[in-house]
Visitor: 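Quick one: this structure, given as structure tokens, is what I'll be asking you about.
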Amino acid sequence: MTLIDGKKTSAEIKAEIAQEVKQMIAEGKKVPHLAAVLVGHDGGSETYVAHKIKSCEEVGFKSSLIRFEDDATEQQILDTVDKLNNDPDVDGFIVQLPLPKHINEQKIIEAISPNKDVDGFHPVNLGRLVAGLDTFVSATPSGIVDLIKRYKIETAGKHCVIIGRSNIVGRPLSILMSQKGIDATVTVCHSRTENLKEIASSADILVAAIGRPGFVTADMVKEGAAVIDVGTTRVPATDTKSGFRLKGDVDFENVAPKCSYITPVPGGVGPMTICSLLKNTLKAGKMR
Ligand code: GUN
């Protein structure tokens with residue numbers, strides 16, 4: 001069993017991006033600039049955004065953080081999106097989700113200019129992905145594909161089962177995995193899927209992206225499968241400083257011995273998502 005080291009792989013990719021930024025500076029070009037909009041004080045969002053800003057520094061990007069309190073209005077966020085869309089210094093930006101309930105997330109996503117949508121959440125970018133056109137691919141699916149490629153996990157003709165059909169992970173990943181060059185045969189499972197255990201245990205590559213800790217048990221996994229765990233649920237813990245720990249969707253202890261490859265939580269898919277965001281921002285910077 002090979003433990004997939006997302007931290008190490010993301011450090012390698014960051015070093016490659018940093019090298020490209022150095023080259024851009026040497027050529028007198030402007031460094032890529034990522035802006036992040038954070039509304040409220042959700043613990044997970046605070047952590048993710050702090051990591052994103054720190055990673056920008058690490059690779060030499062410019063970054064900006066625009067903060068709002070929980071009671072910010074939808075119009076305030078739309079105005080900020082409009083400003084960022086029209087700011088020539090900003091190459092790409094994200095609005096961290098989830099947003100407070102009184103703000104319509106889809107409305108905000110659709111207000112972002114597709115050519116600055118480095119999260120790849122805008123319907124134009126999702127549509128371009130479906131059509132096989134060049135686009136910003138959202139961070140988690142793109143990070144998973146990078147891991148699969150870097151670990152040389154065989155995909156052509158293999159059965160990839162994805163548990164979860166969200167617009168952020170499951171659905172775009174299903175498109176990527178079936179694209180020419182990756183060539184997997186993909187099954188997407190969800191809450192209404194019948195015979196989930198039978199389908200999951202026929203997977204050569206099994207991706208769990210449902211947000212239910214420990215959902216994938218050993219009896220759902222084929223001997224020798226590659227297992228990718230996207231879950232990052234915070235569960236209470238008495239032995240950590242923060243009072244919680246991250247738990248994946250896979251019962252790691254019992255599943256790992258059956259696998260050819262498996263991603264841990266934390267340290268698997270998580271660190272890769274930031275790399276993908278940086279890659280998209282670099283791409284946006286080069287397009288401008
Ligand atoms: N919330 C959880 N993951 C993400 C992400 O990739 N982008 C944004 N904007 N919000 C998130």
Side-chain angles (χ1 to χ4, degrees), residues 6 10 13 34-56 61 63-68 70 72 74 77-78 80-81 84-85 90-101 103-126 129 135-147 164-173 176 207-212 228-234 244 246-249 265-266 268-284:
S10 85
I13 295 175
L34 173 74
V37 179
L38 176 58
V39 186
H41 297 276
D42 174 80
S45 294
E46 293 264 8
T47 308
Y48 293 137
V49 170
H51 277 142
K52 289 171 185 178
I53 299 289
K54 184 167 159 269
S55 299
C56 281
F61 287 0
S63 63
S64 316
L65 174 60
I66 300 143
R67 297 199 68 133
F68 289 93
D70 276 305
E74 186 174 280
I77 309 304
L78 286 170
T80 299
V81 166
L84 292 169
N85 282 340
V90 172
D91 296 296
F93 66 97
I94 62 159
V95 178
Q96 187 67 24
L97 306 178
L99 291 170
K101 293 225 164 2
I103 299 175
N104 181 336
E105 277 184 1
Q106 193 58 30
K107 198 166 167 185
I108 304 296
I109 289 170
E110 290 186 33
I112 298 172
S113 170
N115 64 8
K116 290 196 176 185
D117 168 39
V118 284
D119 259 332
F121 291 170
H122 192 286
V124 165
N125 286 323
L126 277 173
L129 178 70
T135 183
F136 294 119
V137 180
S138 60
T140 306
S142 159
I144 292 170
V145 169
D146 277 344
L147 278 180
R165 57 178 162 186
S166 71
N167 281 346
I168 291 180
V169 186
R171 189 140 357 248
L173 182 64
L176 285 175
V207 182
I210 32 165
R212 286 171 63 178
I228 310 288
D229 190 349
V230 186
T232 51
T233 307
R234 286 178 161 203
F244 67 84
L246 290 182
K247 202 149 173 14
D249 289 348
V265 175
V269 173
M272 294 298 295
T273 62
I274 293 191
C275 274
S276 310
L277 178 66
L278 296 175
K279 275 169 99 174
N280 279 346
T281 307
L282 181 65
K283 183 174 173 162

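In each ligand, atom 1 is the first atom listed, and ligand 1 is the first ligand listed. Keep in mind that this is a model prediction, so the values were computed, not measured.
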Visitor: For S10, enumerate each residue passing the side chain to side chain contact (heavy atoms under 4.5 Å, CB included) test, keeping only those at least two apart in sequence or located in another chain.
Guide: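 S10 satisfies side chain to side chain contact (heavy atoms under 4.5 Å, CB included) with P271, M272, C275 only.
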Visitor: Measure from every N or O atom of ligand 1 to the protein's N or O atoms and keep only the pairs below 3.5 Å, writing each with atom names and distance to 0.1 Å.
Guide:
from	atom 1	to	atom 2	distance (Å)
ligand 1	1 (N)	Q96	NE2	3.2
ligand 1	1 (N)	L97	O	2.9
ligand 1	7 (N)	D119	OD1	3.1
ligand 1	7 (N)	D119	OD2	3.2
ligand 1	9 (N)	V95	O	2.8
ligand 1	9 (N)	D119	OD2	2.6
ligand 1	10 (N)	Q96	NE2	3.4
ligand 1	10 (N)	L97	N	2.9

Visitor: My understanding is that only residues two or more places apart in sequence, or in another chain, count here; which of them pass side chain to side chain contact (heavy atoms under 4.5 Å, CB included) with I168?
Guide: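 Expected list: L97, F121, S166.
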Visitor: For the OG1 atom of T140 and the CG atom of D119, what is their distance to the nearest 0.5 Å?
Guide: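 Result: 9.0 Å between the selected atoms.
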Visitor: What closest approach, in Å, do D117 and H122 show between heavy atoms, and which atom pair accounts for it?
Guide: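 Heavy-atom minimum between the residues: OD2-N, 2.8 Å.
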Visitor: Who pairs with D91 by salt bridge (Lys or Arg N to Asp or Glu O under 4.0 Å), at least two apart in sequence or on another chain?
Guide: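 Per chain and number, D91 pairs via salt bridge (Lys or Arg N to Asp or Glu O under 4.0 Å) with K30, R288.
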Visitor: Return the CD1 to OH distance between I94 and Y48, rounded to the nearest 0.5 Å.
Guide: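 These two atoms lie 12.0 Å from each other.
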